[in-house]
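Some notes on the structure that comes next.
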Amino acid sequence: MTTLLQVENVTVRFGGLVALNNVSFTLNPGEIVGLIGPNGAGKTTLFSTLVGLVKPSEGRIVIEGERIDGKRPHQVARHGMTKTFQNVSLFPDMNVRDNVVVAALSHSNLADARRTADAALERLGLASIADAEVADLTFPQRALVEVARAMATRARILLLDEVMAALNPAEMDAVMDVLSSLRDEGLTLFVVEHHMRAIMRLCDRILALQFGGLIASGTPAEIAANPVVIEAYLGREKSKEA
Ligand SMILES: Nc1ncnc2c1ncn2[C@@H]1O[C@H](COP(=O)(O)OP(=O)(O)O)[C@@H](O)[C@H]1O
Ligand SMILES: [Mg+2]
């Protein structure tokens, strides 16, 4: 399988803090990869670095043979990768369609952006609420509008940062069905979620991050059985639930 995204030895320092430490991995077309790790592990920093909001101190980021590290977010978007923003993505006073149109404007004029937005809303089953204000939506609808915004940039690689955080299990299942269908159509999804059940069900492969370093990668079953991961993350979550 051809590699879509290649991350090689990426290190990010914020002053004296090493937020990412020599991180290397690849993403293939048409897979859902999960990124797990305790708070502060560097998950959001990794997403920000991939899309050009944070410049890596060291390392290379390559999409289909072309280096994108050091490029600005709008340039990275043209290479087909975009991310949602943890907590703050949507404009609450704007309607659903306009929220998505704004994202589509990154690569097209207003008429094209409207068409792209409507296609994304249609695809995600949101056409009937296109005129609703975001503030009036349910949490799962908001999650899907975030996905629609990412799709409207014509991204092939969507980085989803805790878009399901506010959802109950049934709502999560519904959103995960949509995400799985996008994967089946060839999109690549890289997903941060705290809910282990969701990550385990949704992902083809999982990467585990701790203190800025990758400590494991594998299938959900391999990750669930990995003693290093259990110690670093799952064990802690389990003891919290107990
Ligand atoms: N812009 C920044 N400047 C300085 N430190 C940062 C910045 N962004 C994140 N950090 C620090 O980097 C570490 C990783 O944070 P983050 O990537 O947000 O973790 P996660 O998303 O896994 O919870 C944390 O110690 C955080 O305080
Ligand atoms: Mg985060």
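Numbering of residues begins at 1 and proceeds along the displayed sequence. Everything quoted here is computed from the prediction, not taken from an experiment.
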- Item | Distance (rounded to the nearest 0.5 Å) between L27 CG and D204 CG | 11.0 Å
- Message: Taking ring pair (Phe, Tyr, Trp, His ring centres under 6.0 Å) as the cut-off, I'd like each qualifying pair that reaches into residues 115-146, sequence neighbours left out, listed once.
- Response: none
- Is there a donor-acceptor contact under 3.5 Å from the side chain of E193 to the main chain of V163? yes
- If you link ILVMFWY side chains whenever their heavy atoms are less than 4.5 Å apart, which other residues fall into the same cluster as I215? By chain and number, please. V228
- Task: Check the pair T82, R149 against side-chain contact (heavy atoms from CB on, under 4.5 Å), reporting the backbone distance first and the verdict last.
- Result: CA-CA 10 Å; T82 191; R149 281 171 56 87; over 6 Å; no
- Query: So, Q141 side chain and T138 main chain: donor-acceptor pair closer than 3.5 Å or not?
  - Reply: yes
- Looking only at atom types and distance, does a side-chain atom of T188 sit under 3.5 Å from a main-chain N or O of N28, one as donor and one as acceptor? yes
- Residues R201 and D177 bridged, charged N to O under 4.0 Å: yes
- Give a yes or no answer on whether the side chain of S57 reaches the backbone of R13 with a donor-acceptor pair at less than 3.5 Å. yes
- Item | Common cluster, V134/V101, ILVMFWY with side-chain heavy-atom separation under 4.5 Å | no
- Message: Taking the basic N atoms (NZ, or NE/NH1/NH2) and the acidic carboxylate oxygens, is any pair closer than 4.0 Å for D161 and K43?
- Response: no
- More than 12 foreign heavy atoms under 6.0 Å from CD of E122: is that the case here? no
- Task: List the steps and the verdict of side-chain contact (heavy atoms from CB on, under 4.5 Å) for T45 and S48.
- Result: CA-CA 5 Å; T45 301; S48 298; 5.6 Å; no
- Message: Can you confirm whether F25 is buried at CZ, in the sense that more than 12 heavy atoms of other residues, nucleotides or ligands lie under 6.0 Å from that atom?
- Response: yes
- Message: Between M81 and V54, is there shared hydrophobic-cluster membership here, with clusters defined by ILVMFWY side-chain heavy atoms closer than 4.5 Å?
- Response: yes
- Message: I'd like to know if R115 and D112 make a salt bridge, using a cut-off of under 4.0 Å between side-chain N and carboxylate O.
- Response: yes
- Query: Is the number of heavy atoms from other residues, nucleotides or ligands under 6.0 Å of R205 CZ greater than 12?
  - Reply: yes
- Message: I'd like to know if the side chain of N168 and the backbone of E171 have a donor-acceptor N/O pair within less than 3.5 Å.
- Response: yes
- Task: Please answer whether the main-chain N or O of V96 pairs with a side-chain N or O of E133 as donor and acceptor at a distance below 3.5 Å.
- Result: no
- Task: Would you check if the side chain of T153 reaches a backbone N or O of A150 as a donor-acceptor pair within less than 3.5 Å?
- Result: yes
- E58 backbone acceptor or donor facing T11 side chain under 3.5 Å: no
- Message: Looking at D69 and K55, is any side-chain nitrogen of the basic one under 4.0 Å from a carboxylate oxygen of the acidic one?
- Response: no
- Task: Could you name each residue pair satisfying ring pair (Phe, Tyr, Trp, His ring centres under 6.0 Å) that touches residues 36-65, not counting sequence neighbours?
- Result: F47-F190
- Query: At their closest point, which heavy atom of P56 faces which heavy atom of T49, and how far apart are they?
  - Reply: CD-CG2, 3.9 Å
- Message: Would you say M172 ends up clustered with L137 if hydrophobic residues are merged whenever their side chains have heavy atoms under 4.5 Å apart, either directly or through other cluster members?
- Response: yes
- Has the side chain of R97 got a donor or acceptor atom that lies under 3.5 Å from a matching backbone atom of A127? no
- Query: Without hydrogens or angle criteria, can the side chains of S181 and R123 be said to hold a donor-acceptor pair below 3.5 Å?
  - Reply: yes
- Exam field: side chain E222 to backbone T219, donor-acceptor pair closer than 3.5 Å: yes
- Query: Which residue, V192, V23, I36, forms the side-chain contact (heavy atoms from CB on, under 4.5 Å) with L209?
  - Reply: V23
- Modelled atom types, side-chain donor and acceptor of Q6 and T3, under 3.5 Å: no
- Message: Does R67 have more than 12 heavy atoms from other residues, nucleotides or ligands lying within 6.0 Å of its CZ?
- Response: yes
- Item | Interatomic spacing from CG in L126 to CZ in R142 - rounded to 0.5 Å | 13.0 Å
